[in-house]
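Before I ask anything, let me first share the structure, which is written out below as structure tokens.
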Amino acid sequence: LMRRDNVEVLPLLLAETRRVPDNCSVLVVAAPTRAVADAERDAIDAYLARGGRVLAMLEPAIRSGLEPMLEHWGVRLADDEVVGLTLTGREVVVKDYPEHPVTHGVRSLITMFFRPRSVEPAWPAANTPADRPRVSVLAQTTEDSWAEMDPGQLPPRYDDGVDRRGPISLAVAVERGAAGVIDVQIKPAKMLVIGDADFVANGALEGGVGGNADFFMSGLNWLLEREGLMAISPKTPGELRIGLSREQWRLAYLLCLAGAPLALGLVGFLVWLARRR
């Protein structure tokens, strides 16, 4: 999906490089299955400090090792699993997108997250000091949803005093620096943190689920500062299938094999006949 949108995708092994390269436009951290090393986390933090861009998709019930860094940048991850509006019981349907450049083009779409975790601002947005990162909620559930603190509870049930009532934030955008600054050469640091990665898994994208691809690509293009492409995901070329029976295929084959020469001969005969007249 990213390559079709003219983005070059390369792997990065921080354990070897010990540093995010300066030519990295966006660092994607996609569903780590175990905690990253402290040195890797410090490398990511240093990359953000010099104006880097990070897209982090973090699954529930897995400690990524990025939690202290995210807390420092104003993002709080909870050890929960969000339950909300659903179609089959396996996903959470999101249709509420607060105002933000990432969400401008997806307001008429729904995004389906699969067993997501909550991702929320660590401090109130009002009166945020200029030196603090600005954290904005991008996608949130309805008031009927809740953050289930016991993901092993089947079926999930809201427990008053333990679980948290909605709306629950599932994705946030973080930005620090250059806002309102005249010197446009100062590059702001940006980060997008989403509490799920399955929403852009192969099955979800191939099935054309809601606006998942549009939400993902809009966020990516915001990080890349490609405003003209935000919320416009690259479309998969369509396929034209012709449903014919074996007899119909045989007839079509005979028409192509014999019909074309016969038609050409008939045209030639008519031309010869017209000239004789």
Side-chain angles (χ1 to χ4, degrees), residues 1-7 26 28 30-31 53-60 75 81-121 125 134-147 165-175 179 188 190-240:
L1 185 71
M2 296 166 69
R3 290 189 178 99
R4 289 204 306 269
D5 208 28
N6 298 316
V7 176
V26 175
V28 180
R53 311 292 169 87
V54 173
L55 170 57
M57 298 180 290
L58 307 175
E59 290 282 298
V75 179
E81 185 175 303
V82 179
V83 179
L85 180 63
T86 183
L87 298 178
T88 66
R90 295 182 295 108
E91 76 288 309
V92 175
V93 177
V94 171
K95 55 181 181 178
D96 185 9
Y97 309 95
E99 182 67 27
H100 191 273
V102 172
T103 62
H104 280 171
V106 299
R107 289 182 174 273
S108 61
L109 305 174
I110 63 170
T111 306
M112 295 186 184
F113 296 95
F114 298 86
R115 302 182 63 185
R117 71 189 304 173
S118 65
V119 181
E120 300 174 311
R134 298 175 297 281
V135 184
S136 305
V137 175
L138 298 181
Q140 60 187 14
T141 59
T142 63
E143 295 181 354
D144 297 332
S145 63
W146 72 88
R165 275 290 184 192
I168 304 295
S169 171
L170 303 180
V172 298
V174 185
E175 189 172 9
K190 290 184 176 183
M191 181 163 47
L192 190 65
V193 185
I194 305 174
D196 180 37
D198 292 331
F199 83 106
V200 284
N202 291 341
L205 294 180
E206 291 170 0
V209 175
N212 290 18
D214 298 88
F215 183 82
F216 174 82
M217 292 307 302
S218 183
L220 179 67
N221 285 319
W222 175 72
L223 294 171
L224 292 170
E225 296 186 346
R226 302 195 300 179
E227 288 79 4
L229 297 178
M230 290 174 63
I232 305 176
S233 62
K235 305 304 179 184
T236 303
E239 292 184 354
L240 177 62

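Nothing fancy with the numbering, it's 1 onward along the sequence.
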Check: Thr103 side chain, Pro98 main-chain N or O, donor-acceptor pair, under 3.5 Å: yes

Qualifying salt bridge (Lys or Arg N to Asp or Glu O under 4.0 Å) pairs, either residue in residues 192-211, two or more places apart: none

4.5 Å side-chain heavy-atom contact, Thr141 and Val92: yes

Salt bridge (Lys or Arg N to Asp or Glu O under 4.0 Å) involving Glu120 - partner list, sequence neighbours excluded: Arg164

Partners meeting ring pair (Phe, Tyr, Trp, His ring centres under 6.0 Å) with Phe199 (sequence neighbours left out): Phe113

Those residues that, when tested against Glu143, pass side chain to side chain contact (heavy atoms under 4.5 Å, CB included) (two or more places apart):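 If we apply the side chain to side chain contact (heavy atoms under 4.5 Å, CB included) test to Glu143, skipping adjacent residues, the hits are Pro167.
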
With sequence neighbours excluded, residues passing salt bridge (Lys or Arg N to Asp or Glu O under 4.0 Å) with Arg165: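 For Arg165, no residue satisfies salt bridge (Lys or Arg N to Asp or Glu O under 4.0 Å) once neighbours in sequence are set aside.
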
Sub-4.5 Å side-chain heavy-atom contact between Arg53 and Pro188: yes

Any Val7 side-chain heavy atom under 4.5 Å of Leu224 side chain: yes

Side chain to side chain contact (heavy atoms under 4.5 Å, CB included) involving Val200 - partner list, sequence neighbours excluded: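 For Val200 the side chain to side chain contact (heavy atoms under 4.5 Å, CB included) partners, ignoring immediate neighbours, are Met57, Leu205, Phe216.
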
Between CG on residue Leu138 and CG on residue Asp96, distance to nearest 0.5 Å: 11.5 Å

Donor-acceptor side-chain pairing of Ser169 and Gln140 below 3.5 angstrom: no

